[in-house]
Amino acid sequence: MSEQNQIPEVFLKPYDPSEHEKNIYKLWEDSGYFNPDNLPGERTEAFTIVMPPPNANGSLHAGHGLVFTIEDTMMRFERMRGKKALWLPGADHAGFETQVVYEKKLQKEGRSRFQMEPKELYDEIMEFTMSNKSFMENQIRELGASCDWSRSLFTLDERVIKTVYDTFKKLEDDELLYRGARTVNWCPKHQTSLSNLETVHDDRTSKFYYFQYGPFVIGTARPETKFGDKYVVMHPDDERYKEYEHGQEIELEWINGPITATIIKDEAGDPEMGSGVMTITPWHSGIDFEIAKRHNLDYEQIINWRGKLLPIADEFEGMPITEAREKIVQKLDEKGLLVKVDEKYEHSVPCCYKCNREIEPQIREQWFVNTKPLAEKALAAVENKDVTFVTERDERVFKHWMENIEDWNISRQVVWGISIPAKVCTKCGHGQVDLEDTITACEKCDGAMEPDPDTFDTWFSSGQWPLCTTGFPDSDDFTNYYPTSVMETGKDIIFFWVARMIMLGLYRTGEVPFKKVYLHGMVRDKKGLKMSKSKGNVTAPSEVQERFGTDALRMGLLVNNAPGSDMNLDPDKINAYKKFANKIWNITRFVLDNTTDYTPGAEHTAEDTAFEKEHLFPAIAEITEHMDKDRFDLAAEKVYHFVWDHFASIVIEESKPLLAGSAEERASRQRLLHDYLVTSLKLLHPFMPFVTETIWQELPEEMKDQDILMVASWPKVE
RNA sequence: GCGCGAUUAGCUCAGUUGGUAGAGCAGCGCAUUUACACUGCGAAGGUCGGGAGUUCAAGUCUCUCAUCGCGCACCA
């Protein structure tokens with residue numbers, strides 16, 4: 001018989017998360033167990049997650065809460081199962097995103113980036129980012145994230161830049177990179193080009209104008225671009241225009257006087273569309289540019305980088321496009337060239353995803369990655385199941401995009417980012433990668449080579465993140481942990497990030513960067529609306545944690561949230577899990593209170609042996625199975641019901657008379673209660689790490705297989 | 001235009017290979033020195049969007065219609 005113990009005093013009042021969470025995190029961090037090198041026992045199999053590095057430009061939102069909760073749950077589960085569990089944290093400088101945030105800040109202070117030296121701007125943003133970074137890292141700690149801070153990486157660290165530069169050079173060597181004048185998505189506000197993914201399409205109803213253009217009628221929604229239109233295009237088989245020959249010149253009256261136009265016969269002309277005749281503006285339309293290239297036509301810029309008309313527009317020079325549009329139409333009308341106006345032309349307009357201003361297609365010399373060869377390998381890897389998606393839906397979406405991929409513009413006219421290590425000819429525009437800074441003369445003409453002032457698209461470097469965090473090409477971590485186990489991130493960045501990581505990971509190493517992709521949906525408010533600052537329905541994780549505790553938030557984010565589907569965050573639901581944390585607390589109080597005289601290793605009665613076999617073991621098996629299938633929502637729900645409806649409502653209630661029974665019955669029940677408590681804490685730990693660890697620290701030594709629950713062994717079915 | 005989803009209790013959603021519906025919250029009725037009121041017990045609530053088909057059997061598989069949402073790419 002052990003001596004009579006008092007139960008720890010802490011259990012005499014309700015569980016108060018704020019009293020324990022900080023200390024518990026410190027206990028974990030100080031233990032060194034976040035680093036797999038320090039984990040107890042023999043561990044051979046690795047389990048690795050590369051954390052999606054949060055943008056170091058603000059505080060954490062509910063979506064972050066979900067990311068860190070799901071990933072931490074995976075990590076804790078696999079760590080308890082005896083794997084070499086490594087979670088690699090980081091922070092993202094988030095190029096354009098952060099610059100936009102910082103520009104807003106400048107604006108509030110009455111400043112502008114266009115009045116600053118690039119270096120000055122860069123340094124200021126660096127300072128801003130660094131202070132956000134440490135603030136954010138603390139928030140990640142508060143969520144309980146068991147990541148290895150000793151391996152933390154920032155996306156502007158030297159190691160990252162080295163990898164990115166090497167990839168850039170390798171792409172050039174393999175002829176997968178080119179610098180070319182192409183149509184780019186230009187944001188006149190932010191003064192940078194954007195990838196297709198960085199534009200949003202806005203459905204609009206606009207006016208559509210028909211003009212007399214010599215013998216033809218042409219239609220356009222954008223009269224302000226028409227100054228340079230001196231080619232008129234129609235389908236070669238269009239019977240209506242068979243009298244006109246390709247290359248034939250015609251004289252006609254146009255906006256600012258008579259011009260000579262040239263007939264171009266091209267398959268791009270759609271006979272079904274309007275009159276079947278169009279004029280083209282190669283500088284400000286991707287399609288027109290393609291036509292112009294095919295026929296080697298001239299092209300000229302009409303609208304400047306700020307969205308204003310150039311001298312070619314004569315009297316309209318300097319006008320912003322919206323103003324110019326009306327005036328040009330008026331002038332053409334006065335000249336009798338306006339045929340008709342369709343007031344209800346429905347189309348969608350590409351806009352900047354940050355400021356929603358209309359994108360102005362422009363021709364600009366940029367670096368492009370020839371993506372098709374990379375995409376083919378990525379598709380093959382998915383086909384071979386080298387990388388799998390948790391939901392089939394994601395796999396279909398991924399394939400569809402990959403099969404229709406276009407070349408990737410990786411140049412950005414943004415200060416905050418990794419500068420492009422290349423030289424550009426001031427005379428002919430030829431570009432060449434120059435890692436050593438040795439190129440001075442152009443190999444095509446003999447013009448001078450100047451450094452490219454642009455920076456990389458953030459996603460170009462982010463796409464290499466699994467390589468950088470594991471220390472590619474020659475570190476132990478790379479050998480031990482690449483390919484990583486799971487990439488868990490939001491489904492909104494499947495193309496931006498996941499696709500690029502797979503392509504670039506395969507490209508550099510020949511192996512996929514991760515074996516499995518788990519994509520979660522968006523976190524919405526309780527009514528299912530997207531959270532946004534302007535709607536005022538944003539729920540910050542920290543507020544919820546303060547009210548209900550971190551464990552309750554985590555459960556609220558996990559339960560009822562199937563992989564890939566959006567979820568609504570409802571405070572009432574989180575409150576239910578706050579109550580649950582207290583339930584576990586009181587279960588512990590009951591068990592400890594009734595086992596102060598317990599002798600470890602007491603014999604089970606036949607009834608209790610059978611009872612565990614019938615109830616405890618199947619629960620363990622079921623929960624483990626859900627975890628294996630990445631159904632954390634089902635696992636969390638099951639463990640909730642197991643603890644509340646079975647352990648508390650049945651086991652404890654039935655134990656009351658048995659504890660008052662014979663010595664054998666009492667001892668057997670005490671052992672059963674210990675088994676149940678220890679098992680429940682372990683099963684709950686991946687989901688609710690704080691309350692379970694807090695309790696664990698108060699348990700008598702003989703109940704534990706490890707001092708710290710985080711590294712205790714996952715329950716097995718005996 | 002191309003593609004992908006969704007439609008189940010008042011609300012938010014689960015429902016694994018087909019076997020006559022589940023959870024949380026809300027709501028209703030009871031209980032009150034109980035390990036725990038951050039509680040317990042009880043009851044109520046659904047022809048699983050409409051229609052057709054396959055099957056002994058369909059929320060689940062097939063087709064079709066309707067409504068909603070999302071993604072991608074676009075013109076003149």
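Just so we're clear, the structure is a prediction, and the values are computed from it rather than from any experiment. Numbered from 1 within each chain, the chains take letters A, B, ... in sequence-line order. Computed over heavy atoms, backbone and side chain alike; hydrogens, waters and symmetry mates excluded.
Pairing for G24(B) is with C11(B), a Watson-Crick or G-U wobble pair whose two hydrogen-bonding atom distances lie under 3.5 Å. Base-pair partner of C63(B): G51(B) (Watson-Crick or G-U wobble, both distances under 3.5 Å). If you check A35(B) for Watson-Crick or wobble pairing at under 3.5 angstrom, you find it has no partner at all. Look at G69(B): its Watson-Crick or wobble partner, with both distances under 3.5 angstrom, is C4(B). Nucleotide U17(B): unpaired (no Watson-Crick or G-U wobble partner with both distances less than 3.5 Å).
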Trace of the side-chain contact (heavy atoms from CB on, under 4.5 Å) decision for Val232(A) with Met278(A):
CA-CA 6 Å; Val232(A) 51; Met278(A) 63 175 169; over 6 Å; no
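Aromatic ring pairs are classed by plane angle as parallel below 30°, tilted from 30° to 60° and perpendicular above 60°; the pair Trp644(A) and Phe580(A) is parallel. Ring-plane geometry between Trp401(A) and Phe495(A) is classed as parallel, the angle between the planes falling under 30 degrees on a 0 to 90 degree scale with a further cut at 60. Note on ring orientation: taking the six-membered ring where Trp is involved, the planes of Trp585(A) and His20(A) are tilted (angle from 30° to 60°). Relative ring orientation between Trp254(A) and Tyr213(A) is described as perpendicular, the plane-to-plane angle rising above 60° on a 0-90° scale split at 30° and 60°.
Side-chain atoms of Ser649(A) lie closest to C41(B) of the nucleotides C41(B), C72(B), U39(B). Closest to the side chain of Phe208(A), from the set C4(B), A14(B), A76(B), is A76(B). Listed nucleotides: A73(B), U39(B), A23(B). Nearest to the side chain of Trp644(A): U39(B). For His400(A), the side-chain atoms get nearest to G3(B) when compared with the rest of G3(B), C38(B), U39(B). Closest to the Arg393(A) side chain, of the nucleotides C4(B), U12(B), U16(B), is C4(B). Nearest nucleotide to the Lys578(A) side chain, out of A35(B), A73(B), C38(B): C38(B). Among A76(B), A14(B), A35(B), the nucleotide with an atom closest to any side-chain atom of Met278(A) is A76(B). For Lys579(A), the listed nucleotide lying nearest its side chain is C38(B); candidates were C38(B), C36(B), A14(B). Taking the side chain of Ala562(A) as heavy atoms from C-beta on, and the options A14(B), A23(B), U34(B), the nearest nucleotide is A14(B). Closest approach to the Arg631(A) side chain among A14(B), G71(B), A23(B) is made by A14(B) (side chain taken as heavy atoms from C-beta onward).
Taking a cutoff of 4.0 Å between a charged side-chain nitrogen and a carboxylate oxygen, Arg294(A) and Glu290(A) do not qualify as a salt bridge. The pair Asp608(A)-Arg669(A) meets the salt-bridge criterion, with a side-chain N (NZ, NE, NH1 or NH2) lying under 4.0 Å from an Asp/Glu carboxylate O.
The residue His201(A) sits close to a base: some heavy atom pair falls under 4.0 Å. If you check every strand for non-hydrogen atoms under 4.0 Å, Ala581(A) touches nothing. Across all strands shown, Lys656(A) has heavy atoms under 4.0 Å from base atoms, whether or not it also approaches the sugar-phosphate. Leu634(A) comes within 4.0 angstrom of the backbone, heavy atoms only, and of no base. Phe495(A) comes within 4.0 angstrom of the backbone, heavy atoms only, and of no base. Within 4.0 Å (heavy atoms only), Phe580(A) reaches no atom of the nucleic acid at all. Phe398(A) comes within contact range of no nucleotide atom at all, as no heavy-atom separation falls under 4.0 Å. If you check every strand for non-hydrogen atoms under 4.0 Å, Ile587(A) touches a base. Heavy atoms of Asp572(A) sit under 4.0 angstrom from primed sugar atoms or phosphate atoms, though from no base atom. Within the 4.0 angstrom heavy-atom criterion, no nucleotide atom of any strand lies near Glu392(A). Within 4.0 Å of Ser565(A), counting heavy atoms only, lie sugar-phosphate atoms of the nucleic acid but no base atom.
Thr692(A) places a side-chain N or O within 3.5 Å of a backbone atom of Pro689(A) that can act as its donor or acceptor partner.
The C1' atoms of U60(B) and A6(B) are separated by 15 Å, rounded to the nearest whole Å. Using C1' as the reference atom, G50(B) and C56(B) are 26 Å apart when rounded to the nearest Å. Comparing the P positions of G53(B) and G59(B) gives a spacing of 15 Å, expressed to the nearest Å. Nucleotides U20(B) and U55(B) place their C1' atoms 15 Å apart, quoted to the nearest Å. Using atom C1' as the reference point in both G18(B) and C4(B), the two lie 25 Å apart (nearest Å).
Remark: C1' of A35(B) and CD1 of Ile695(A) are 12 Å apart, rounded to the nearest angstrom. Taking atom CE on Met567(A) and atom P on U12(B), their separation rounds to 13 Å, with Å as the unit. Atom-to-atom, CG of Asn568(A) to C1' of G24(B) comes out at 13 Å; the value is rounded to the nearest Å. The CD atom of Glu403(A) sits 11 Å away from the C1' atom of G3(B) (whole-angstrom rounding). Look at CG on Asp238(A): it is 18 Å from P on A76(B), rounded to the nearest Å. Per the geometry, CE belonging to Met522(A) stands 14 Å off C1' belonging to G69(B), to the nearest Å. Summarising the geometry, the separation between NZ on Lys491(A) and P on G69(B) is reported as 15 Å, rounded to the nearest angstrom. Separating the CG atom of Asp645(A) from the C1' atom of U39(B) is a distance of 13 Å, rounded to the nearest angstrom.
Both Trp401(A) and Val397(A) lie close to RNA chain B; mapped to their nearest nucleotides by heavy-atom distance, the more 5′-ward contact belongs to Val397(A). Nearer the 5' end of RNA chain B, as judged by each residue's closest nucleotide, is the contact made by Asp16(A), out of Val277(A) and Asp16(A).
With a 6.0 Å cutoff to the six-membered ring centre and a 45° limit on the axis angle, Arg240(A) does not count as a cation-pi contact of Phe216(A). Seen from the ring of Tyr210(A), Lys340(A) counts as a face-on cation partner, given the 6.0 Å and 45° thresholds.
Considering only side-chain N and O atoms, Lys573(A) lies nowhere under 4.0 angstrom from the phosphate OP1 or OP2 of U12(B). Listed pair Thr588(A) / C36(B) fails the phosphate criterion, with no side-chain N or O lying under 4.0 Å from OP1 or OP2.
When the shell of 6.0 Å around CD of Gln248(A) is examined, it contains more than 12 heavy atoms from other residues, nucleotides or ligands.
Side-chain to base pairing of Lys583(A) with C36(B): one donor and one acceptor N or O lie within less than 3.5 Å of each other.
RNA chain B is contacted by Ala268(A), Gly269(A), Asp270(A) of residues 263-271 of chain A, taking any non-hydrogen atom closer than 4.0 Å.
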